[in-house]
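Heavy-atom basis, side chains included; hydrogens, waters and symmetry copies ignored. In listed order, ligands and their atoms are each counted from 1.
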Amino acid sequence: MKKRLLSGMRPTGPLHLGHLVGALKNWALLQGEYDCFFMVADWHAHMSEYERPGEIRKYTLDNVIDWLSCGMDAQRSTLFVQSHIEEHTELHLLLSNITPLGWLERCPTYKEQLRELKTRDLHTYGFLGYPVLQAADILIYKAQAVPVGQDQLAHLELTREIARRFQHIYKKKVFPEPKGILTETPKLLGIDNRKMSKSYNNFIALSDTPDEVRRKTARMITDPQRIKKSDPGHPPVCNVFSYFKTFKPQAEKEVYLYCTRGEIGCTECKKRLAGVLNEVLAPIRQKREELTKHKSKVLDILKQGGKKAKKACAGTLTEVKKLIGLY
Ligand code: TRP
Ligand code: SF4
């Protein structure tokens with residue numbers, strides 16, 4: 001029997017190269033080894049983006065189109081939408097009852113988001129409970145493995161703590177302890193050298209046209225000490241170079257030599273990078289186009305995935321309700 005794995009993404013914007021190398025490539029590889037559940041966390045998106053319901057609706061489908069274009073396979077994995085499975089929200093309520101406020105108020109991601117996301121009012125009851133819903137997502141499937149980024153480890157730890165508290169109060173071990181899968185992924189910076197993110201608008205989207213990719217690549221920051229082409233460059237401080245390492249490792253040596261010997265100018269180098277990125281994106285784009293034309297197919301995949309997800313988690317909710325004595 002394969003171990004069960006669950007992960008999710010919030011549909012708050014277009015997916016970009018950072019998602020590709022940070023999550024999607026991994027997810028695609030994990031499909032062979034685990035019984036995979038991949039979820040669009042639309043309720044989680046609503047916890048902070050409740051004033052933009054249209055965006056969430058749009059990106060729910062759009063993100064799944066990207067998943068499928070990047071190798072997620074509905075035959076091998078269960079792809080579904082969180083809000084289609086009421087069990088998540090029901091378990092969320094039950095877990096809310098036993099989660100001490102202090103655990104949530106102390107959560108580092110909570111404090112950070114309140115500080116940084118000034119454009120939204122996050123002082124809501126729902127947003128405080130964000131990690132409780134995430135715990136419900138994981139525990140309702142009795143998932144053993146959760147591939148996440150570094151930033152989500154605190155939520156995973158909270159999930160384990162909530163599971164232990166549940167066990168302590170109701171005297172039964174219902175949930176296995178979920179373990180995080182942290183894969184080494186290259187850190188991909190945005191075109192302005194800050195973390196690639198929707199909020200900085202510094203990303204290259206999987207849906208960008210070849211022309212957009214060329215324009216964005218041309219704006220990338222390079223070695224600031226380099227003025228003329230003949231100045232020897234310093235690849236280790238150049239973001240363009242790190243993109244070559246990530247997206248075309250075979251070219252790394254060559255770019256390094258050309259750059260350090262002052263044999264290639266940055267404009268030319270960036271043009272070559274755009275070519276590389278467009279090569280990587282071409283098959284993804286092709287699948288995206290195909291799927292965008294057949295959105296009903298995508299909806300159907302999510303409907304079928306929802307059925308499988310429901311089957312996999314309904315028993316847990318029944319078990320838990322019985323355990324706490326609900327009629
Ligand atoms: N909070 C996660 C993120 O922002 C998304 C998410 C929701 C998730 N539920 C999950 C991830 C369950 C892993 C497991 O990336
Ligand atoms: Fe960066 Fe390429 Fe310019 Fe060297 S030549 S500094 S690697 S963009």
Does I301 reach the side chain of L79, with side-chain heavy atoms less than 4.5 Å apart? yes
Anything under 30° is parallel, anything over 60° is perpendicular, the rest tilted; go ahead and classify F38 against W67. perpendicular
Of all the atoms in ligand 1, which lie at a distance below 4.0 Å from a heavy atom belonging to R10? 4 (O)
Region of Q82 engaging ligand 1 - heavy atom pairs below 4.0 Å: neither
Where E212 and S207 come nearest, the two heavy atoms and their spacing: OE1-O, 4.4 Å
Tell me the nearest of G8, S7, P131, A136 to atom 5 (C) of ligand 1, using heavy-atom distances. G8
Give the atoms of ligand 1, by number and element, whose distance to some non-hydrogen atom of Y130 is under 4.0 Å. 1 (N), 2 (C), 3 (C), 4 (O)
Which label fits F37 and F80: parallel for a plane angle under 30°, tilted from 30 to 60°, or perpendicular past 60°? perpendicular
Near V146 (heavy-atom distance under 4.0 Å), the atoms of ligand 1 are 13 (C), 14 (C)
Is ligand 2 under 4.0 Å from a heavy atom in the side chain of M220, in the backbone, in both, or in neither? neither
Quick one: look up the protein heavy atom nearest atom 3 (Fe) of ligand 2 and list residue, atom name and how far away it is. C266 SG, 2.3 Å
Using a 4.0 Å heavy-atom cut-off, which part of P235 comes near ligand 2: side chain, backbone, both, or neither? neither
Which protein non-hydrogen atom lies closest to atom 5 (S) of ligand 2, naming both residue and atom, and how far is it? R226 NH1, 3.0 Å
Numbering as shown, the atoms of ligand 2 that approach C259 to under 4.0 Å (heavy-atom distance): 4 (Fe), 5 (S), 6 (S), 7 (S)
List the closest protein heavy-atom neighbour of atom 9 (N) of ligand 1: residue, atom name, distance to the nearest 0.1 Å. D137 OD2, 2.7 Å
If we number the atoms of ligand 1 from 1 as shown, the ones under 4.0 Å from a heavy atom of A41 are 7 (C)
Is the NZ atom of K310 crowded by more than 12 outside heavy atoms at less than 6.0 Å? yes
G233 near ligand 2 by a heavy-atom separation under 4.0 Å: no
Which residue owns the protein heavy atom closest to atom 8 (C) of ligand 1, what's the atom, and how far is it? Q134 NE2, 3.5 Å
Is any N or O atom of Q152, backbone or side chain, closer than 3.5 Å to an N or O atom of ligand 1? yes
Relative to the heavy atoms of D223, which atoms of ligand 2 are at a distance of less than 4.0 Å? 6 (S)
Enumerated ligand 1 atoms positioned under 4.0 Å from heavy atoms of H44: 7 (C), 9 (N)
How are the rings of F127 and Y130 set to each other: parallel, tilted or perpendicular (split at 30° and 60°)? perpendicular
Compare every heavy atom of H88 with every heavy atom of L133, then report the nearest pair and how far apart it is. CD1-O, 4.0 Å
Answer yes or no for C269: is there an N/O/S atom below the 2.8 Å cut-off from atom 3 (Fe) of ligand 2? no
If we ignore angles and hydrogens, is there a donor and acceptor under 3.5 Å between the side chains of Q31 and S77? yes
Please find out if atom 1 (Fe) of ligand 2 and some N, O or S atom of C238 are separated by less than 2.8 Å. yes
Within a distance under 4.0 Å of any heavy atom of L6, pick out the atoms of ligand 1 and give their elements. 12 (C), 14 (C)
Backbone N or O of G275 within a donor-acceptor pair of the N278 side chain at under 3.5 Å? no
Other residues, nucleotides and ligands only: do more than 12 of their heavy atoms fall within 6.0 Å of CD on E289? no
Is the number of heavy atoms from other residues, nucleotides or ligands within 6.0 Å of OH (Y256) greater than 12? no
Is there a donor in the side chain of S242 and an acceptor in the side chain of N239, or the other way round, less than 3.5 Å apart? yes
So the atoms of ligand 2 within less than 4.0 Å of a heavy atom of T222 turn out to be 8 (S)
Count the heavy atoms of every other residue, nucleotide or ligand shown that sit under 6.0 Å from NZ of K173, and state whether that count exceeds 12. yes
Show me which atoms of ligand 2 lie under 4.0 Å from any heavy atom of V240. 8 (S)
